[in-house]
There are 2 protein chains.
Amino acid sequence: MTTGEVLAALADPTRRRLVELLARAGDRTATSLAGELPVTRQAVVQHLGVLKEAGVVGSLRSGREVRFGLRPDALTATARWMEDVAAQWDQRLAVIKQLAEAETQIVDAETQDDEMMTRQR
Amino acid sequence: MTTGEVLAALADPTRRRLVELLARAGDRTATSLAGELPVTRQAVVQHLGVLKEAGVVGSLRSGREVRFGLRPDALTATARWMEDVAAQWDQRLAVIKQLAEAETQIVDAETQDDEMMTRQR
DNA sequence: CTGATGTGCAAGTACTTGCTTGCACATCAG
DNA sequence: CTGATGTGCAAGCAAGTACTTGCACATCAG
């Protein structure tokens, strides 16, 4: 359930689709999920395997089917990592801004939005 | 700056390393960053390109160098997406638990931790 | 000017990844 | 039992990815 595993798992669009499906439709079987996606059941199974390895989903056998459900903890933990990184940067920004108001630094990038800067939309 | 781009960008360990370096060490040049990683400058440049495309970093030319800095907004936005998915699931859980206390569902996976369940650690 | 340093562009390579197809095994209804 | 449905395993393939190497161009110090 490392941060890397979770991010890598969510990097794939089909896998994100699966996660969103599970989030709002509840626990489902692989075959059922494959019915709502333009891929084979086997593709879904493999994706669910990656998600499970990352700790994002869990599975439970009931009779001849295997039902998959979300495991929100892995998601929130990874979200926290991202927010921590962002916060760390913001804190650095604040410190520098306070210490040296005179020097012009690239640090102000966010408010400058230069030619080289990738624009947000 | 889509969610998919950000997640795909952060899926790579080297790129995460770069992001963490920038977060705590401030804005740096590609060559300087390459000095702290076991890869070539060109590899770093390409990684920064991906991160920039995703809106995670921004760059600013100053003289003959190009300095890169973090763009926290993309990170927090993606973090929010993950938390939303997790929250959606939790809400479903709560509703079901309230409506049908009698029926046993796989939905309770989180508290059951069965043989098939990937264990958290 | 010269040399050093930093960048940009491009092609090539080893490896990974998402997906499919094919078949065997297990479980349920009749 | 038979047939239908759901699952598991494995090989194969096309496309993407991370990384390198090589070289040309731009900028600074002396």
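Nothing here was measured: the structure is a model prediction, and the numbers come from that model. Every chain is numbered from 1 and lettered A, B, ... according to where its sequence line falls, protein lines coming before strand lines.
- Judged as a side-chain contact (heavy atoms from CB on, under 4.5 Å), and not counting sequence neighbours, the contacts of A:Q42 are A:V45.
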Sugar-phosphate means primed atoms, P, OP1 and OP2; the rest is base. With that split, encode nucleotides 17-30 of chain C 5' to 3' as B, S or - using protein heavy atoms under 4.0 Å. -SBBB-----BB--
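- When rounded to the nearest whole Å, the span between CZ of B:F68 and C1' of C:dG8 equals 11 Å.
- Applying the salt bridge (Lys or Arg N to Asp or Glu O under 4.0 Å) test to every pair with at least one member in residues 38-50 of chain B, sequence neighbours left out, gives no pairs at all.
- Here D:dT17 presents its P atom at 12 Å from CD of B:E5, a figure rounded to the nearest Å.
- The side chain to side chain donor-acceptor pair (under 3.5 Å) contacts involving residues 74-83 of chain A comprise A:W81-B:E20, where partners must be two or more places apart or lie in separate chains.
- Here the P atom of nucleotide D:dT17 and the CD atom of B:E53 are 12 Å apart, to the nearest Å.
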In dot-bracket form, 5' to 3', how is DNA chain C paired? Count Watson-Crick and G-U wobble pairs only if both distances fall under 3.5 Å, and write | where the partner sits on another strand. ||||||||||||||||||||||||||||||
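- The line from CG of B:L18 to NE2 of B:H47 is 7.0 Å long, rounded to the nearest 0.5 Å.
- A donor-acceptor pair under 3.5 Å is absent between the side-chain atoms of A:R67 and the main chain of A:S59, judged by distance alone.
- The CE atom of B:M82 lies 9.5 Å from the OG1 atom of B:T3; values are rounded to the nearest 0.5 Å.
- Applying the side-chain contact (heavy atoms from CB on, under 4.5 Å) criterion to A:Q88, with sequence neighbours excluded, gives B:A23, B:R24.
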Given side chain to side chain contact (heavy atoms under 4.5 Å, CB included), test B:R71 with B:M1 step by step and report yes or no. CA-CA 11 Å; B:R71 306 275 262 159; B:M1 207 216 83; over 6 Å; no
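- Note: CG (B:L48) to P (D:dC19) measures 12 Å, nearest angstrom.
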